[in-house]
Amino acid sequence: MRPFEFERASDNQSAIATFNDLRSADIDAVNAQIQYLAGGTTLIDLMKLDVMKPTKVIDINALQQANGNIEFKNNGLRLGAMARMSQVADHADIQQNYPVIAQALRLAASAQIRNMAAIGGNVLQRTRCTYFRDTSYANCNKRAPGSGCAALEGVNRSHAVLGVSDQCIATYPGDFAQALMALDAQVELDGPRGKRTIPFASLHKKPDQTPNIETSLTPGELITAFNVAAAPYAKRSLFLKVRDRESYEFALASAAVALDLDNSNVRQARIALGGVATVPWRAKEAEAALAGNKIDDVTAKRAADAAFADAKPREHNAFKIELGKRTLTRALLQAAAMEVPT
Amino acid sequence: MNRAAPEPQANMGQPEPRLEARLKVTGEARYASDMPVHNPAFAFLVTSPIAKGAITGIDDKDARTVPGVLGIFTHENTAELKKLSWSQGGGGPTTSIQDLGPKIQHDGQIVAMTVADTFEAAREAAYKLKISYQEEIPSATFDSPGVTQTDAKKPTPKAGNAEAAFNDAPVKLEVAYSTPTQHHNPIELFTTTASWDGDQLTVYEPSQFMYGLKNKTAARLGIKPDKVHAVSPFVGGAFGSKSQQTPRTGLVALAARTLNRPVKLVPTRDQGFTIATYRAETRHAIKIGAAENGKIASFQHDGWEVTSRPDNYSVAGVEDSARMYGFGAVKTAVTTVHADRNTPGFMRSPPVVPYIYALESALDELAVKLKMDPIELRRVNDSNKDATGKEWSSRSLMKCYDQAAEAFGWSRRSAEPGSMRDGNWLIGWGCASAFYPTHIGAATARVKFNADGHARVEVAAHEIGTGVMTVVGQTAAERLGIPLDRVEVVVGDSNYPPVPVAGGSNQTASCCSVVMKACDAIMAKLGGANIKETVGSGPVKDVAASFSKLGVSTVEEYAEFVPDVVKPNAVTSLVDDPIKKLYEGSPSLGGGSHGEKLMYAMGAEFIEVRVHALTGEIRVPRIVGAFAAGRIMNTRTARSQYMGAMIWGVSSALHEATDIDKRNARYVNDNLADYMIPVNADIQQLEVILVPEQDNFINPVGVKGIGELGNVGTAAAVTNAVYHATGVRIRELPVRLEKLLTT
Ligand SMILES: Cc1cc2nc3c(=O)[nH]c(=O)nc-3n(C[C@H](O)[C@H](O)[C@H](O)COP(=O)(O)OP(=O)(O)OC[C@H]3O[C@@H](n4cnc5c(N)ncnc54)[C@H](O)[C@@H]3O)c2cc1C
Ligand code: SF4
């Protein structure tokens with residue numbers, strides 16, 4: 001960790017104001033000089049590893065009061081960005097009505113981290129690519145733009161097969177984002193240029209030629225809330241996470257699935273995949289393959305095949321295609337079999 | 001019954017709580033880097049990002065501008081450090097690669113150390129130090145271009161004509177296995193604090209060998225050993241990684257002398273992967289020829305192990321694998337493969353973990369081939385002799401199998417792979433044997449017994465978490481006939497009499513044997529035979545009278561104990577006085593297969609795995625292990641050792657592996673997030689059965705080492721269970737779910 005200035009923001013405006021005189025280079029969030037601090041479980045970790053070297057850190061935890069509420073409205077759910085992961089995971093109404101959200105959060109990280117981390121920070125957590133996290137490796141386009149990518153031909157078992165480019169194959173590591181993706185959430189933002197709301201699906205950016213630019217946030221933009229519309233598929237939803245150990249581990253493959261069934265036929269299916277893609281991944285092809293069908297071994301597998309049609313494997317992660325398909329198949333069968341309270 | 005404190009059976013001591021238990025759970029226990037020194041400066045290491053090449057330039061201009069920086073040490077100003085000559089074991093250095101450059105011989109080699117008023121300033125200076133390298137293409141591991149092979153030059157048992165017996169056998173098995181690189185990762189990092197008082201140096205460092213630390217630090221600095229005082233009150237995990245001298249110790253001591261100020265170094269977790277030792281990757285080729293009834297006529301085991309360029313380190317566990325059953329004929333060989341890596345070193349049960357994994361996996365494969373129950377296969381090959389005709393001092397293997405099988409419910413197993421199922425989870429049951437050689441070494445101790453019935457035991461032993469203080473205390477209490485709470489035990493200081501390295505699981509046997517000798521000498525002085533009768537049955541009635549008869553208030557005895565297996569003679573082919581060698585920092589350890597008889601502790605481990613039929617996740621809901629290891633000094637600490645070891649065994653099968661980037665011979669997952677180990681949720685039911693065993697041959701206390709027994713064979717039990725669950729035989733560790741997605 002290197003010396004930095006530390007400030008506590010008392011409200012959204014004072015937090016955002018810090019960014020008013022920003023240079024354009026700060027669009028690159030990894031290397032940005034000013035960083036918001038929520039739970040700090042990503043930021044402080046990466047500062048200790050000398051991957052992130054902000055010169056100024058703005059603590060936004062005092063915004064918990066204003067931005068930390070969980071509200072149910074007749075048209076859906078509003079999750080304040082400063083709500084802690086554990087608050088949302090443990091919320092009985094969310095467990096019942098939006099199980100995929102509660103499950104994705106509950107299966108993430110550890111109890112300690114869930115108590116500390118805010119859901120706004122959560123969706124912005126950074127990749128676990130070991131070459132990104134270890135500065136003794138020179139080649140990482142995400143950390144040092146233009147330096148190359150050590151993972152392409154390196155140890156890449158945990159890397160992505162969907163949404164990859166020839167510049168970066170780093171996996172988006174989080175779980176909660178897949179739930180938001182599947183439920184078509186919206187993100188409320190407040191920033192130096194005012195407030196706006198964007199679809200969650202447009203928050204993260206695929207690496208393409210600029211893996212250092214991870215989101216569509218403009219410098220200083222603060223996530224204030226997530227909105228999830230009430231939808232018929234929300235109750236029949238679940239999160240399945242497949243990993244190397246029982247707890248406290250990132251997904252090798254995960255699936256967030258939400259189904260609206262008409263008897264046993266699919267009216268609408270919502271599917272997002274994790275652990276296999278560079279960004280929270282909406283599997284629209286799989287959704288389309290299911291529409292109108294009954295979910296069984298065959299249709300579930302066909303949908304899974306569709307989801308991975310464009311997958312691009314590397315030396316150690318080719319198994320993720322098969323694993324990802326099986327994970328999705330299992331999740332679909334499980335969701336179809338769910339007892340849903342009316 | 002309290003599960004943590006099993007009821008002692010025949011030949012077992014009481015489950016006394018650890019003497020230091022309270023200190024540890026309250027956080028009061030002091031580890032080496034907690035020891036207060038006056039006005040310390042703080043050090044930070046810089047390690048090389050290349051595995052092979054040379055330093056071409058060092059630019060320290062920016063680093064020196066960091067406020068508080070006191071010194072920067074590189075190869076340019078540390079030439080006075082003496083090179084220690086490497087030999088495997090013997091309390092020497094971990095590696096021949098000791099210089100800070102300019103030559104770079106492995107990833108993460110120490111190339112510089114910054115020292116500053118604060119840790120933060122030292123770290124910042126380290127970031128700002130610019131070192132340029134000329135890089136060469138390194139060889140990473142097996143099959144990498146540029147590696148060289150040599151003979152391991154280790155004992156490789158041969159008996160009978162194994163090739164002919166193999167050719168003649170009606171049932172033949174030829175299989176290959178491999179195990180990955182693994183790192184010890186003790187939670188306590190590789191810290192060193194050095195403080196000088198004139199020409200007298202005190203080194204605080206977690207150590208498994210106090211007299212090795214003292215002597216080798218002196219040798220590295222070119223000073224007399226009596227100028228070095230080594231202190232290591234508690235060790236926060238070691239597992240072999242703290243048994244030898246790493247290059248850092250001399251460097252920190254030199255910095256402290258140069259700066260005339262105590263210097264404290266706490267390296268980072270990832271530095272720990274390259275500045276100490278590790279378990280190298282191994283490969284195995286096994287050939288077994290057997291009769292239809294399972295009797296093995298021929299066993300052949302070839303091993304390959306990776307080591308560094310300069311050092312011919314190998315664990316060569318064929319010495320064990322070839323002897324564990326009554327094989328008709330055996331033939332073995334071990335080859336070392338030299339790559340651009342740091343030198344490997346001892347890691348919990350060094351030879352037997354990889355080699356017994358291969359043996360016990362092959363036996364399971366043979367049982368499948370023969371359509372035989374795997375326990376029966378072991379019973380058929382159970383024997384009172386090995387292929388060379390050597391007999392066992394005691395062998396309770398099948399007793400362990402019978403008790404563990406009973407507890408596990410083995411009789412309910414249906415043998416067909418994939419035939420046991422719970423919904424979408426495939427259930428597999430597997431078993432394997434654990435073996436560990438019984439070692440003992442020359443040791444010394446001092447015991448003081450006071451007229452008020454209190455005693456103090458001084459031994460330079462190593463409290464690495466095994467409970468050595470407690471069992472030493474129990475020994476003294478028993479021999480002196482006083483309650484345990486009247487015994488004070490002090491360890492971890494080179495001012496106390498030396499004992500061997502805490503390796504090879506010898507510590508309990510060696511320390512308790514010498515402490516027993518010292519106590520018995522005290523009792524003899526205090527009045528001989530009549531007092532001895534009360535030993536073990538409460539306070540000695542006439543202690544006070546005996547003291548007043550002698551006209552003293554304290555009786556003190558210093559004892560030296562030299563077990564037969566290390567006595568200089570024709571059988572051991574040793575010449576030097578083991579006590580003199582011990583004081584000079586080289587321990588003599590003997591036993592296992594090297595004495596007149598085969599001396600081994602044994603066990604049987606049973607594992608249930610569940611494998612998801614679709615997605616292949618592997619979980620271990622149940623573990624049962626039964627172990628026989630001579631006298632058990634303390635059933636609580638023994639259970640704890642076995643429990644931790646079996647968990648590690650599961651870890652070595654399913655989780656642990658250090659990934660190497662083959663392009664540059666560098667470790668990739670060198671941190672505790674990516675180097676996987678089980679978490680609590682991964683370990684559910686675990687049962688330890690202590691099987692009574694008496695062995696009067698091995699040593700005066702009748703103790704076999706147990707610290708390194710429980711993690712042997714576990715990996716084979718897991719892979720055998722995975723085969724039973726899925727029909728997929730995993731021959732390359734670790735088992736990962738992608739290997740099970742084939743079905
Ligand atoms: C050991 C470990 C295991 C983990 N396992 C998992 C897992 O299994 N699954 C999983 O999903 N996650 C896992 N995580 C990640 C963890 O969930 C995230 O680190 C955490 O959710 C981040 O939230 P935070 O509040 O701590 O973010 P911070 O670290 O405070 O912030 C993260 C980033 O977001 C920015 N930021 C924070 N809040 C806002 C805001 N409101 N608006 C704009 N920018 C903001 C910060 O500037 C920073 O760049 C793990 C983390 C660790 C350390
Ligand atoms: S995959 Fe992306 S994050 Fe990882 S090394 Fe390559 S560029 Fe960096």
Side-chain angles (χ1 to χ4, degrees), chain A residues 1-3 45 48-50 53 109-111 128-131 133-139 150-158 173 240-250 252-255 297 300-301 304 315-331 333-334, chain B residues 46-50 66-67 107-108 119-121 123-124 126-128 268 270-271 424 612-621 650-651 654-655 657-664 666-671 673-684 734-742:
Chain A
M1 206 181 275
R2 305 187 183 225
D45 188 19
K48 281 192 190 162
L49 292 171
D50 207 34
K53 303 166 202 168
S110 66
R128 306 295 302 185
C129 171
T130 39
Y131 298 105
R133 290 170 57 83
D134 185 342
T135 57
S136 72
Y137 286 91
N139 309 334
L152 293 179
E153 310 296 333
V155 176
N156 47 30
R157 175 175 185 260
S158 69
L240 178 65
K241 182 171 179 182
V242 173
R243 44 184 163 174
D244 280 321
R245 62 182 173 198
E246 186 63 23
S247 174
Y248 202 16
E249 183 56 35
F250 293 90
L252 287 170
S254 71
D297 288 350
K301 177 148 191 321
E315 186 181 353
H316 306 115
N317 68 356
F319 76 96
K320 282 196 173 183
I321 298 178
E322 181 61 23
L323 181 67
K325 289 181 186 176
R326 291 180 182 213
T327 303
L328 176 53
T329 305
R330 185 176 154 194
L333 293 170
Q334 229 168 287
Chain B
V46 179
T47 56
S48 76
I50 65 165
V66 174
D107 169 33
F119 173 77
E120 288 74 15
R123 183 174 56 183
E124 203 186 340
Y127 288 154
K128 291 189 169 160
T268 63
D270 64 333
Q271 290 171 347
N424 285 323
H612 196 276
L614 201 56
T615 41
E617 295 113 298
I618 311 142
R619 300 293 183 252
V620 178
V650 169
S651 181
L654 297 180
H655 301 104
T658 311
D659 297 325
I660 302 168
D661 190 323
K662 297 206 174 108
R663 298 168 299 180
N664 45 39
R666 300 194 60 200
Y667 296 137
V668 177
N669 56 340
D670 51 354
N671 60 75
D674 296 302
Y675 182 89
M676 244 190 316
I677 52 169
V679 294
N680 264 323
D682 288 300
I683 303 297
Q684 297 173 20
V735 185
R736 294 268 197 244
L737 58 73
E738 57 262 41
K739 298 177 183 168
L740 301 175
L741 293 179
T742 51

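Just so we're on the same page: letters track the sequence lines, and every chain starts at 1.
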Inset, instruction - Over all heavy atoms of both residues, which pair between B/Ala673 and A/Arg128 is shortest? Give the atoms and the distance, please. - result: CB-NH2, 3.4 Å

Legend entry - Contact winner vs chain B - A/Lys325, A/Glu322, A/Arg157, A/Arg133, heavy-atom pairs under 4.5 Å: A/Arg157

Legend entry - Under 4.5 Å from a heavy atom of chain A, the part of B/Asn664 involved: side chain

Legend entry - Segment of A/Asp244 engaging chain B (4.5 angstrom heavy-atom cut-off): both

Legend entry - Gap between atom CG of B/Asp661 and atom CG of A/Asn156 - 0.5 Å precision: 9.5 Å

Legend entry - From A/Lys48 atom NZ to B/Arg123 atom CZ, the distance as rounded to the nearest 0.5 Å: 8.5 Å

Legend entry - Value rounded to 0.5 Å, distance of OG1 in B/Thr615 from NZ in A/Lys241: 14.0 Å

Legend entry - CZ-CD distance between A/Arg2 and B/Glu120, expressed to the nearest 0.5 angstrom: 14.0 Å

Inset, instruction - Determine, for A/Arg330 against B/Glu617, whether the closest basic-nitrogen to carboxylate-oxygen distance falls under 4.0 angstrom. - result: yes

Legend entry - Residues, nucleotides or ligands: over 12 heavy atoms within 6.0 Å of B/Lys739 NZ: yes

Inset, instruction - Specify the closest pair of heavy atoms between A/Thr130 and B/Asn669, including all atoms of both residues, with the distance to one decimal. - result: CG2-CA, 4.4 Å

Inset, instruction - Measure across B/Arg666 and A/Ser136 and return the closest heavy-atom pair with its distance rounded to 0.1 Å. - result: NH2-OG, 2.6 Å

Inset, instruction - Grab the two heavy atoms, one from B/Ala613 and one from A/Arg326, that are nearest each other, plus how far apart they are. - result: O-NH1, 4.2 Å

Inset, instruction - Using non-hydrogen atoms and a 4.5 Å limit, figure out which bit of A/Leu252 sits close to chain B: side chain, backbone, both or neither. - result: side chain

Inset, instruction - Let me know if A/Glu249 has heavy atoms under 4.5 Å from chain B in its side chain, its backbone, both or neither. - result: side chain

Inset, instruction - Provide the closest heavy-atom pair for B/Leu737 versus A/Phe319 in the form atom of the first, atom of the second, distance. - result: CD1-CE1, 4.2 Å

Legend entry - Interface moiety of A/Ala138 toward chain B, non-hydrogen atoms closer than 4.5 Å: neither

Inset, instruction - Quick one: pull up CD in A/Glu246 and CD in B/Gln684 and give me the separation to the nearest 0.5 Å. - result: 6.5 Å

Legend entry - Proximity breakdown for B/Asn680 and chain A, heavy-atom pairs closer than 4.5 Å: neither

Legend entry - Whether A/Arg245 side chain and B/Arg619 backbone form a donor-acceptor pair below 3.5 Å: no

Legend entry - Distance-minimising heavy-atom pair for B/Arg663 and A/Ala150: NH2-O, 2.6 Å

Inset, instruction - Would you mind checking which part of B/Ile50 comes under 4.5 Å of any heavy atom in chain A, side chain (CB onward), backbone (N, CA, C, O), both or neither? - result: neither

Inset, instruction - Would you give the length of the straight line joining atom CG of B/Asp682 to atom OG of A/Ser247, rounded to the nearest 0.5 angstrom? - result: 8.0 Å

Inset, instruction - Could you tell me which portion of B/Tyr667 (side chain, backbone, both or neither) has an atom closer than 4.5 angstrom to a non-hydrogen atom of chain A? - result: backbone

Inset, instruction - For A/Tyr131 and B/Val668, run side-chain contact (heavy atoms from CB on, under 4.5 Å): C-alpha distance rounded to whole Å, both residues' side-chain angles, the deciding distance at 0.1 Å, then the answer. - result: CA-CA 7 Å; A/Tyr131 298 105; B/Val668 177; 3.8 Å; yes

Inset, instruction - For each of A/Tyr248, A/Tyr137, A/Phe250, tally heavy-atom pairs with chain B at distances under 4.5 Å, and name the one with the top tally. - result: A/Tyr137

